Amino acid sequence: MKLIRLKNISDNYFQKAWELYENAFPYNERRLLDEQASVLKQSKYHFEVLINGKQFIGFILWWDFETHRYIDHFATTIEQRNKGIGKLILNKFIESNDKPILLEVELPTSHINKRRIKFYERMGFKLNRHYYEIPPLRDDQIPLQLLLMSYPSVIPQKDVELFIKKCHPILFENASHFLE
């Protein structure tokens, strides 16, 4: 298995990855295609697909910031779920990393959300209980409350505030209220 970094929406495997992205994440947590095309051009952004032979099996989308790495989206195909592939991808990401890692999870209000949090905790991530929300990605949306998970340790509230101040304008540059 290998990871391939995509830099354009016309790259091999992008269409398959995009279909998975649209099916795996709720509308209010994902970019539109033209926004994704723009984000792909940023050097700090990595859109990496996992390929086994020539078969697409998942992706990890992440940002390399000065003080940490931030996992934007992460998914495996339905056929590959519950086979340890997600764990393999995340372990390789953690092992290739010398910076703390952040990712967002939905509030533990459903069985699947609780399972997702437990998966990341088994991988060594810590659930931060600080209030955290992302700005709306589109005009017809409201801010979305999430929780931050961090690896290898819990982060203080001041680091969450710094992440919001320094990184949200980059992560959500297409959000309308950042442009006003």
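Quick caveat: nothing in here was measured; it's all calculated off a predicted structure.
Sorted by first and then second residue, the salt bridge (Lys or Arg N to Asp or Glu O under 4.0 Å) pairs with a member in residues 60-71 read Asp64-Arg69, Asp64-Lys99; sequence neighbours excluded. Judged as a side chain to side chain donor-acceptor pair (under 3.5 Å), the pairs with a partner in residues 142-151 (not counting sequence neighbours) are, in order, Asn128-Ser150. The stretch residues 71-92 participates, sequence neighbours left out, in these ring pair (Phe, Tyr, Trp, His ring centres under 6.0 Å) pairs: Tyr21-His73, Phe25-His73. Among residues at least two apart or in separate chains, there is no salt bridge (Lys or Arg N to Asp or Glu O under 4.0 Å) pair with a member in residues 3-21. Counting only residues at least two apart or in different chains, salt bridge (Lys or Arg N to Asp or Glu O under 4.0 Å) contacts with residues 85-94 are absent. Applying the salt bridge (Lys or Arg N to Asp or Glu O under 4.0 Å) rule to pairs touching residues 41-55 yields nothing, sequence neighbours excluded.
Side-chain contact, Gln157 with Tyr131: no donor N or O sits under 3.5 Å from an acceptor N or O.
A chain of hydrophobic side-chain contacts below 4.5 Å, direct or via other Ile, Leu, Val, Met, Phe, Trp or Tyr residues, connects Ile101 to Ile117. Following chains of ILVMFWY side-chain contacts shorter than 4.5 Å, one can reach Leu107 starting from Leu103, so the two form part of one hydrophobic cluster.
When the ring pair (Phe, Tyr, Trp, His ring centres under 6.0 Å) test is applied to Tyr13, no partner is found at least two apart in sequence or on another chain. Listed by chain and residue number, Glu121 satisfy the salt bridge (Lys or Arg N to Asp or Glu O under 4.0 Å) test with Lys118 (two or more places apart in sequence, or in another chain). Partners of Asp72 under the salt bridge (Lys or Arg N to Asp or Glu O under 4.0 Å) rule, at least two apart in sequence or in another chain, are Arg31. Applying the side chain to side chain donor-acceptor pair (under 3.5 Å) criterion to Gln15, with sequence neighbours excluded, gives no partner residue. Under the salt bridge (Lys or Arg N to Asp or Glu O under 4.0 Å) criterion, Arg116 pairs with Glu106, not counting sequence neighbours.
Atom CD1 of Ile112 has more than 12 heavy atoms from other residues, nucleotides or ligands within 6.0 Å.
Residue Tyr27 belongs to a hydrophobic cluster whose other members are Leu32, with links defined by side-chain heavy atoms closer than 4.5 Å.
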Trace of the side chain to side chain contact (heavy atoms under 4.5 Å, CB included) decision for Leu171 with Phe163: CA-CA 10 Å; Leu171 297 172; Phe163 173 71; 3.7 Å; yes
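Of the inter-residue distances, the one linking Ile85 atom CD1 with Thr77 atom OG1 reads 8.5 Å to the nearest 0.5 angstrom.
Between Tyr70 and Phe65, the ring planes lie tilted relative to each other; the angle falls in the 30° to 60° range.
Judged by distance alone, with hydrogens and angles left aside, the side-chain atoms of His130 form no donor-acceptor pair with the main-chain N or O of Glu161 at under 3.5 Å.
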